[in-house]
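Remarks on the structure that follows.
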Protein chains: 2
Amino acid sequence: MVICIHRKFRNPPLPNPLTYDAVMPPTETRLPLNRERIIDAAVTYADDNGVEELSMRKLGAELGVEAMSLYNHVKNKDDIFDGMIDRVFASVPLPAIDAEWTTAIRETVLKAMDQFTAHPWMVNLLMQRGNYGNSSLLFMDRALGLLRNAGFSDEDTHHAWQMLASHTMGYAFQMVSGGPKDKDWEGIEGQLADLAEDYPNVARLAPYLGDCEFAGEFAFGLEIIIDGLNARLH
Amino acid sequence: MVICIHRKFRNPPLPNPLTYDAVMPPTETRLPLNRERIIDAAVTYADDNGVEELSMRKLGAELGVEAMSLYNHVKNKDDIFDGMIDRVFASVPLPAIDAEWTTAIRETVLKAMDQFTAHPWMVNLLMQRGNYGNSSLLFMDRALGLLRNAGFSDEDTHHAWQMLASHTMGYAFQMVSGGPKDKDWEGIEGQLADLAEDYPNVARLAPYLGDCEFAGEFAFGLEIIIDGLNARLH
DNA sequence: ACCTGAACACCGTTCAAGT
DNA sequence: ACCTGAACACCGTTCAAGT
């Protein structure tokens with residue numbers, strides 16, 4: 001959760017005013033608003049409540065400020081979204097550019113997926129905003145360099161990266177789009193049982209679709225892709 | 001574009017009232033509103049203007065009706081979204097369940113991709129709504145049956161399908177998320193030239209990233225995946 | 001049965017006004 | 001320089017009222 005000192009001055013005093021005054025004297029605890037704090041709060045809020053719940057007014061409240069104040073530090077809501085995307089990309093460790101490519105790319109892709117699952121709104125934002133921030137460019141540059149150094153041609157480097165990115169985004173997508181939103185899974189499963197004669201294969205594979213132990217699935221496909229690319233390299 | 005007869009009665013008369021009266025006598029041309037017509041209009045509107053532009057009020061206007069009338073035939077906006085998704089899935093030809101699996105699955109996946117590119121909003125909606133409508137279930141059931149009949153175990157069938165679906169959604173995703181939205185491509189390319197020393201690999205591969213002849217890319221990866229899956233089958 | 005206007009509780013964003 | 005209140009032009013959705 002975002003720690004919001006500012007806000008406390010607008011609310012009733014804390015249970016123990018002595019500790020309160022001692023720990024945070026009003027004048028210096030009022031840390032100034034800035035872009036970084038806004039992005040931080042937005043990421044946290046989206047993690048906790050979903051991006052679709054994020055609004056300028058709520059974000060302002062979270063920071064103890066009116067919505068309109070945000071516009072002094074941020075261009076608009078899309079700018080905040082771009083900042084959130086960049087923040088996530090910045091948290092993915094960059095691949096060593098001259099390592100053995102199969103293990104290095106596997107590691108990198110798995111780390112990226114970790115971040116995408118940790119921030120389920122990421123894939124959504126990426127789709128509507130694109131990914132041309134500094135962090136994403138740097139990340140991409142390193143990955144391309146790794147593939148190039150491994151011996152892929154320019155064209156095949158692009159092919160390989162596109163394929164790895166698609167696999168990653170595709171799985172992240174499936175994870176996020178997950179289940180039906182409004183209807184409960186109970187209803188769906190009951191429906192599946194009822195309609196087993198209409199969709200026999202879906203019904204039989206429902207257990208796999210349901211629990212969907214995700215990491216294993218993703219790694220399975222990743223190996224096939226890496227193997228295929230490696231075969232084409234030699 | 002949606003043909004909207006109803007609306008004409010709220011607007012100034014057509015240039016030639018004689019033809020007008022002859023062709024469409026007011027009483028019977030007023031085709032009643034229903035779910036299907038609403039979904040139709042929504043698909044067309046989203047194709048033309050993007051989903052983010054679609055609102056109940058605009059959709060109503062498109063149909064010559066107030067926004068509130070829509071609620072007589074549709075639960076809410078999400079219900080419309082679900083209808084749109086189902087409509088697209090219904091337009092993908094189902095795979096023959098007992099054909100040779102590699103050619104059949106390739107054909108099916110490519111046809112699905114055709115629809116995803118024809119309706120760029122599809123991937124977006126799918127992500128926020130899930131895909132458990134009748135058409136998508138039927139489509140999925142056939143695909144799973146095809147893989148099962150080819151000899152895959154239940155578990156491998158699920159793996160294979162998940163992988164193919166991820167590849168498809170991932171590429172569709174990349175296509176949709178395409179370029180940066182606000183900033184113009186000019187600016188980005190100029191920036192890339194300026195920052196060639198920061199992102200040398202991105203800069204060198206920019207031509208591939210830019211034009212991105214999409215279908216070839218997608219097919220390239222699809223072959224690798226099909227080959228890999230086939231190897232694991234035998 | 002179907003459509004409507006008015007209303008409610010929200011949005012993102014602008015702008016003049018405050019300190 | 002930073003924050004604010006009021007306002008604007010939009011949302012999705014409900015509901016009582018019309019036919």
Side-chain angles (χ1 to χ4, degrees), chain A residues 2 4-11 26-39 41-42 45-46 49-84 121 124-125 128-129 181-182, chain B residues 2 4-11 26-39 41-42 45-46 49-84 121 124-125 128-129 181-182:
Chain A
V2 163
C4 175
I5 296 170
H6 190 166
R7 171 187 242 172
K8 289 177 179 162
F9 294 99
R10 329 181 102 221
N11 288 345
T27 47
E28 51 200 356
T29 52
R30 185 183 253 262
L31 43 147
L33 204 53
N34 57 35
R35 188 169 205 278
E36 197 175 354
R37 282 188 63 221
I38 292 175
I39 306 293
Y45 194 90
N49 309 100
V51 236
E52 68 281 357
E53 283 298 316
L54 183 66
S55 78
M56 298 301 273
R57 284 168 168 89
K58 289 179 192 166
L59 187 54
E62 205 74 24
L63 290 159
V65 120
E66 297 302 315
M68 308 77 195
S69 305
L70 302 175
Y71 289 88
N72 286 312
H73 306 92
V74 130
K75 207 178 125 213
N76 52 25
K77 200 183 182 185
D78 279 341
D79 191 22
I80 294 179
F81 286 153
D82 288 342
M84 294 168 72
W121 41 265
N124 208 327
L125 287 194
Q128 33 199 87
R129 292 301 306 158
K181 291 298 151 47
D182 299 346
Chain B
V2 163
C4 176
I5 296 170
H6 188 165
R7 171 187 242 173
K8 290 176 179 163
F9 294 99
R10 331 182 99 221
N11 288 345
T27 46
E28 51 200 359
T29 52
R30 183 184 254 264
L31 43 147
L33 204 53
N34 58 36
R35 189 170 204 277
E36 197 175 354
R37 283 188 61 223
I38 292 175
I39 305 291
Y45 194 90
N49 308 101
V51 238
E52 68 283 357
E53 283 298 315
L54 183 65
S55 78
M56 299 301 273
R57 284 170 168 88
K58 289 179 192 165
L59 187 54
E62 206 73 23
L63 289 160
V65 120
E66 298 301 315
M68 308 75 196
S69 305
L70 302 175
Y71 288 88
N72 286 311
H73 307 92
V74 129
K75 209 178 124 211
N76 51 26
K77 201 182 182 186
D78 280 341
D79 191 23
I80 294 181
F81 286 154
D82 288 342
M84 294 167 74
W121 41 265
N124 208 327
L125 287 193
Q128 35 199 84
R129 293 301 306 159
K181 291 298 153 46
D182 300 345

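Bear in mind the structure is a predicted one, so any value in this text is a computation, not a measurement. The figures here come from the full heavy-atom set of this structure, side chains too, leaving out hydrogens, waters and symmetry mates. Protein chains get the first letters and strands the later ones, always in sequence-line order, with residue 1 at the start of each.
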Atom-pair distance ([atom1] on [X]; [atom2] on [N]), nearest Å:
{"X": "A:Tyr71", "N": "C:dA16", "atom1": "OH", "atom2": "C1'", "result": "17 Å"}
{"X": "B:Leu59", "N": "D:dT13", "atom1": "CG", "atom2": "P", "result": "12 Å"}
{"X": "A:Asn76", "N": "C:dC15", "atom1": "CG", "atom2": "P", "result": "14 Å"}
{"X": "A:Asp78", "N": "C:dT13", "atom1": "CG", "atom2": "C1'", "result": "12 Å"}
{"X": "B:Leu63", "N": "C:dC2", "atom1": "CG", "atom2": "P", "result": "15 Å"}
{"X": "A:Ile38", "N": "D:dC2", "atom1": "CD1", "atom2": "P", "result": "11 Å"}
{"X": "B:Glu53", "N": "D:dC10", "atom1": "CD", "atom2": "P", "result": "11 Å"}
{"X": "A:Glu66", "N": "D:dT4", "atom1": "CD", "atom2": "P", "result": "5 Å"}

Look at [X] and [N] and indicate whether a side-chain polar atom (N or O) is within less than 4.0 Å of OP1 or OP2.
{"X": "B:Ser69", "N": "C:dT4", "answer": "yes"}
{"X": "A:His73", "N": "D:dC3", "answer": "yes"}
{"X": "A:Lys58", "N": "C:dC10", "answer": "no"}

With a non-hydrogen cut-off below 4.0 angstrom, is [X] in contact with a base, only sugar-phosphate, or nothing?
{"X": "A:Ile80", "answer": "nothing"}
{"X": "B:Leu54", "answer": "sugar-phosphate"}
{"X": "A:Ser55", "answer": "sugar-phosphate"}

| query | So, the side chain of B:His73 versus the backbone of B:Leu33: is there a donor-acceptor pair under 3.5 Å, distance only? | reply |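 Yes, B:His73 side chain to B:Leu33 backbone: donor-acceptor pair under 3.5 Å.
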
| query | Closest nucleotide of DNA chain D for B:Met56 versus for A:Asn72: which of these residues is on the 5' side? | reply | A:Asn72

| Nearest-nucleotide 5' precedence on DNA chain D, A:Leu70 against B:Arg57 | A:Leu70

| Can you tell me the Watson-Crick or wobble partner of C:dG5, both distances under 3.5 angstrom? | D:dC15

| When rounded to the nearest 0.5 angstrom, what distance separates CG in B:Leu125 from CD1 in B:Ile80? |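 Going from CG on B:Leu125 over to CD1 on B:Ile80, the span is 11.0 Å.
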
| note | dist B:Tyr45:OH -> B:Glu62:CD (nearest 0.5 Å) comes out at 6.5 Å

| message | So if I take every side-chain heavy atom of A:Met68 and compare against D:dC3, C:dT4, C:dT13, which nucleotide ends up nearest? | response |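 Shortest atom-to-atom distance from the side chain points to C:dT13.
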
| note | Those residues at least two apart in sequence (or on a different chain) that pass side-chain hydrogen bond (donor to acceptor under 3.5 Å, both in side chains) with B:Arg35 are B:Asp79

| A:Glu53 atom CD: more than 12 heavy-atom contacts under 6.0 Å |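 For A:Glu53, atom CD is crowded (more than 12 foreign heavy atoms under 6.0 Å).
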
